[in-house]
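Take this structure first; my questions come after.
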There are 2 protein chains.
Amino acid sequence: MPRLNADTRAEIRAAALELFAQRGFVRTSLREIAEQLGITKAALYYHFSSKGELISELVAPLVEDLETFQKRAAEYSAGDDPRPLLETYFDLCHRHRMLFLGLVQDAGVAAELEALTTIIHKRTEVDAVLVGSTEPADLVRATVALGGLQDCVVIFPDEPAEVIKEAAVGAALRALILDR
Amino acid sequence: MPRLNADTRAEIRAAALELFAQRGFVRTSLREIAEQLGITKAALYYHFSSKGELISELVAPLVEDLETFQKRAAEYSAGDDPRPLLETYFDLCHRHRMLFLGLVQDAGVAAELEALTTIIHKRTEVDAVLVGSTEPADLVRATVALGGLQDCVVIFPDEPAEVIKEAAVGAALRALILDR
DNA sequence: GTCTATAACGCGATAGAC
DNA sequence: GTCTATCGCGTTATAGAC
């Protein structure tokens with residue numbers, strides 16, 4: 001029988017986004033999404049031709065926002081104040097944080113052995129030590145510093161480590177330290 | 001028939017680590033790892049009782065290094081120079097960069113639609129604009145700044161956005177700007 | 001527009017021969 | 001120590017009834 005609510009497609013998007021953020025894209029099956037809505041897997045296929053298409057539709061607004069942001073960034077010249085750009089980028093990430101959460105959930109797939117949980121837990125403890133505080137506003141500095149270092153090894157895996165290390169540690173230091 | 005090389009177990013570890021770094025943990029099947037070595041999936045099971053055990057063995061050295069690092073970090077007091085700690089953390093990440101690469105590959109599972117590739121590409125362009133250079137040593141500053149911002153929305157998804165934003169943008173600004 | 005039923009596939013994992 | 005063969009499962013995806 002037809003369901004009462006008209007916009008099943010939008011309902012599917014919403015339910016999927018929530019489950020993806022909680023469990024990641026990989027470990028969320030179409031069956032789970034369908035069950036959450038009280039419809040069947042096959043019914044879902046009526047609305048979306050594949051899991052990829054569903055994901056694609058969820059990611060599209062992020063890509064669009066990024067394109068807009070990129071155009072704005074292209075007008076930036078050395079010497080301009082970068083703060084507004086950084087603020088916009090933060091807002092963008094925050095607006096799409098459900099998707100980013102889904103991505104990191106996926107990254108933790110291997111960690112059914114709890115290794116990743118352990119790793120994250122240890123990082124958090126180190127974060128607190130580095131800033132001597134557990135206030136979010138302080139922890140953020142350590143997150144940017146250590147997270148930034150960590151990002152560099154995956155973004156520049158083939159560059160000579162010494163070059164990256166010097167620049168990265170310098171940037172991390174500045175991010176970490178408030179007073180000067 | 002037995003293979004000529006004695007240390008099959010180590011060979012499996014090496015092949016697995018390489019494939020995991022290239023394609024992620026999720027999308028690398030035991031069959032692929034076995035084929036790369038010219039053995040069968042079943043033979044692999046003689047050496048490792050499960051995929052989890054194989055991954056676990058690869059991740060163990062990272063966890064060990066993190067534990068050592070954490071102990072050292074615990075001796076750090078506010079006011080000490082954080083640089084040595086940051087350098088050690090970078091070295092640690094760099095030493096285990098194959099594993100980190102595997103984790104981000106997993107995160108890109110959803111992106112068979114190439115959305116993630118698009119996203120990363122756009123980020124790289126913005127990075128270059130922000131520092132007005134394509135030199136790795138400069139790009140690193142943008143990576144730490146924008147990567148740090150991005151990390152914050154997944155690390156603190158439930159904190160009030162304004163609190164996180166102010167601290168994060170501040171840290172990103174300091175990471176980005178060299179001269180002061 | 002939604003359902004039931006099922007096909008087709010790849011995965012991790014196991015059994016047993018050699 | 002490695003093989004062939006196969007199981008059981010969850011998955012994406014399709015066909016056809018209502």
Side-chain angles (χ1 to χ4, degrees), chain A residues 1-17 19-20 22-59 102 105-116, chain B residues 1-20 22-59 102 105-115:
Chain A
M1 57 179 171
R3 303 177 64 244
L4 294 173
N5 190 318
D7 205 347
T8 308
R9 202 179 158 91
E11 272 183 53
I12 293 173
R13 267 201 303 267
L17 185 55
L19 282 172
F20 284 147
Q22 274 172 36
R23 316 174 30 85
F25 297 93
V26 180
R27 280 184 297 189
T28 303
S29 70
L30 297 183
R31 184 182 48 75
E32 284 174 295
I33 297 169
E35 266 173 16
Q36 171 121 338
L37 291 167
I39 62 173
T40 62
K41 207 171 45 165
L44 204 152
Y45 266 93
Y46 171 79
H47 297 280
F48 295 91
S49 68
S50 71
K51 187 178 187 178
E53 194 200 313
L54 174 54
I55 295 174
S56 190
E57 198 156 306
L58 291 174
V59 175
Q105 288 304 319
D106 270 353
V109 164
E112 278 160 46
L113 37 111
E114 294 169 38
L116 196 77
Chain B
M1 55 176 173
R3 304 176 65 245
L4 294 174
N5 190 319
D7 206 348
T8 308
R9 203 178 157 91
E11 271 183 53
I12 293 173
R13 265 200 304 267
L17 185 55
E18 200 155 320
L19 282 172
F20 284 146
Q22 274 172 37
R23 315 174 32 84
F25 297 93
V26 181
R27 280 186 297 188
T28 303
S29 70
L30 297 182
R31 184 184 49 76
E32 285 174 295
I33 297 169
E35 265 173 16
Q36 171 119 336
L37 292 168
I39 62 175
T40 62
K41 204 172 49 164
L44 204 153
Y45 267 93
Y46 172 79
H47 298 279
F48 294 91
S49 69
S50 73
K51 188 178 187 179
E53 194 200 313
L54 173 54
I55 294 174
S56 192
E57 198 156 308
L58 291 174
V59 175
Q105 288 304 318
D106 270 352
V109 164
E112 279 159 45
L113 37 111
E114 295 168 38

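Note on naming: letters A, B, ... go to the chains in the order of the sequence lines (proteins, then strands), and numbering restarts at 1 for each one. For clarity, every value in this text was computed on a predicted model and none was experimentally measured. Computation of the quantities below employed the complete heavy-atom set of this structure, encompassing side-chain atoms and omitting hydrogens, waters and symmetry-equivalent molecules.
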Item to check | Those residues that, when tested against A:Glu57, pass side-chain hydrogen bond (donor to acceptor under 3.5 Å, both in side chains) (two or more places apart) | outcome: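 A:Glu57 satisfies side-chain hydrogen bond (donor to acceptor under 3.5 Å, both in side chains) with A:Arg9, A:Arg13 only.
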Item to check | Atom-pair distance (CZ on B:Phe25; C1' on C:dC11), nearest Å | outcome: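 B:Phe25 atom CZ is separated from C:dC11 atom C1' by 18 Å.
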Item to check | Contacts of type side chain to side chain contact (heavy atoms under 4.5 Å, CB included), residue B:Ser29, not counting sequence neighbours | outcome: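 B:Ser29 satisfies side chain to side chain contact (heavy atoms under 4.5 Å, CB included) with B:Arg31, B:Glu32 once adjacent residues are dropped.
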Item to check | For atom CD1 of B:Ile55 and atom P of C:dA13, their distance in whole Å | outcome: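 Value for this atom pair: 10 Å.
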Next on the checklist: Could you work out, with side chain to side chain contact (heavy atoms under 4.5 Å, CB included) as the rule, every residue matching A:Leu30, not counting sequence neighbours?
Outcome noted: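 For A:Leu30 the side chain to side chain contact (heavy atoms under 4.5 Å, CB included) partners, ignoring immediate neighbours, are A:Ile33, A:Lys41, A:Leu44, A:Tyr45, A:Lys51, A:Leu54.
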Checklist entry - Are A:Thr8 and C:dG1 close enough that a side-chain N or O sits under 4.0 Å from OP1 or OP2? => result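 No, because none of the side-chain N or O atoms of A:Thr8 sits under 4.0 Å from OP1 or OP2 of C:dG1.
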Next on the checklist: To the closest 0.5 Å, what do you measure between CG (B:Leu17) and CD1 (B:Ile55)?
Outcome noted: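 Between atom CG of B:Leu17 and atom CD1 of B:Ile55 there are 11.0 Å.
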Next on the checklist: I need the CG-P distance between A:Leu44 and C:dT4, as an integer number of Å.
Outcome noted: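 Answer to the nearest Å: 14 Å.
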Item to check | Rounded distance (Å) that lies between atom P of D:dC3 and atom CD of B:Glu35 | outcome: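 Value for this atom pair: 11 Å.
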Item to check | A:Asp106 side chain near B:Val26 side chain, heavy-atom distance below 4.5 Å | outcome: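 Contact flag for A:Asp106/B:Val26 side chains = no.
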Checklist entry - Base, backbone or nothing for each nucleotide of nucleotides 11-18 of chain D, written B, S, -, heavy atoms under 4.0 angstrom, 5' to 3'? => result SBBB----
Next on the checklist: Under the rule for side chain to side chain contact (heavy atoms under 4.5 Å, CB included), what residues qualify as partners of A:Thr40, not counting sequence neighbours?
Outcome noted: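 Here the qualifying residues are A:Ala42, A:Ala43.
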